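If you're wondering where the values come from, they're calculated on a predicted model, not measured in any experiment. Read the numbers this way: they start at 1 and go in the same order the structure lists the ligands and their atoms. In what follows, every heavy atom counts, from backbone to side chain, and hydrogens, waters and symmetry copies are set aside.
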Amino acid sequence: MSAYSELIQYIDTISIINTHCHKLPQKQGFPASIKDLIEHSYLGWCHKEWDGTKEKATNFIRSLRHNSYFFWIEKSLQTIFNTQKRFDEENYPWFDEKIKELSQKVSSDNGFLRNVCHYDKIILDGYWNPGTDLGDPDLFTPTFRINQFLFGYQIDTVDDNGNNPFLNYNWPKDLDFKGYLGKIEEKIVEKKEAGCVALKSSLPYDRSICFKERTYEEAEKGYQNPNAKVEDIIAFQDYIYFHICKIAAKYNIPFQNHTGLGNLEGSNAMLLKEVISKNPDTQFILFHGSFPWTDDALALIHNFPNIYADICWLPSISTSTAVYFIKQLLETGKADAITWGCDSWTIIESFGAYLAGRHAVAKALSDLIEDDFLTVQEGKELSEKIFRENAKMLYHI
Ligand SMILES: [Zn+2]
């Protein structure tokens, strides 16, 4: 048996800790048709419409057949329905029927995640209700999304997901700046006590992640000030991000950070260099390899001890980039700092993300085995670290 096949088989036996997921509440997280699946997956981001007509379906499939998102959704469907049929112009109605049947048959989508995807724990980023565990704390361990705290500079300004702490938590409207900082700390501690194992920033969907160190006075000028200039608000947000890094260090809570893509301008992980170097006690987890700036992520990971690389989403965005990135991560010496998450909303996409992650890891490791960097046994141990042990250590779960 090839090293690749041996690793694939081995990874299937691991009880996975999935470090990043957006699984929607029960049943919504279970697509009832292809249209539903596409609308709640990254295929919905590919600028092609699926309205159920033959014409649109043909156009969709011909345009995206080679796309990584498409490929892994197809693999997920083929594996779930135990078929070699391709997801093409001819067969898509068959898959549509099968998805409908399955959505009626399976009573628990969480059961699917446990049994088919073999997830032991899932760190859930339920941004629609930051810190939610979907009522299943045994499976879902939440992360707490902090974007909203950078938007409390007015009581009604909201982040990309429509969140503002004054609106969400009923904070007194006359809270002064010092009080606001205290409330952030209080809320984070409360969420930690309620079971959140990490903080999460998806700020590249809101603004640049070039956070500069600011003084208290500079930041205060941007807070609840009707005459605040744009620079004052940026100073306020920069200060709040640093404040959150300090809270993360004080309470030993790992800080997950979306890097790459997002708004593109201002999402490159390298922009975090100042804040990373000035907060050596904060554990920063860089998501998505900062795609497409994976070299920049590698440079940071190489130089700083307080950085972890989470490869979530990357194998689904570009599988070949993920394979290359994992090899480079290992070559630059970070075996204990690599984790994996599915970064999906639905169970079918989550399973596809697992197949993509499994392939990327097995391919990267088997290449290294072939080049004599590793033995097969060491490859298995590294797989166990990436899909379970590193996350267990980092998030204390
Ligand atoms: Zn995500």
Participant: Considering only NZ, NE, NH1 and NH2 on the basic side and carboxylate oxygens on the acidic side, decide whether Arg145 and Asp159 come within less than 4.0 Å.
Facilitator: no

Participant: Side chains of Gln148 and Asn168: donor-acceptor distance under 3.5 Å anywhere?
Facilitator: yes

Participant: Would Tyr241 and Ile209 satisfy side chain to side chain contact (heavy atoms under 4.5 Å, CB included), going step by step from the backbone distance to the final call?
Facilitator: CA-CA 9 Å; Tyr241 185 86; Ile209 54 171; over 6 Å; no

Participant: Do any protein N, O or S atoms sit under 2.8 Å from the Zn ion (ligand 1), and which ones are they?
Facilitator: His20 NE2, His22 NE2, Asp343 OD1

Participant: When you look at CD of Glu265, are more than 12 heavy atoms from neighbouring residues, nucleotides or ligands closer to it than 6.0 Å?
Facilitator: no

Participant: Are Lys187 and Tyr169 in a cation-pi contact, defined as NZ or CZ under 6.0 Å from the six-membered ring centre and within 45° of the axis?
Facilitator: yes

Participant: Using 30° and 60° as the class boundaries, would you call the ring planes of Tyr239 and Phe177 parallel, tilted or perpendicular?
Facilitator: tilted

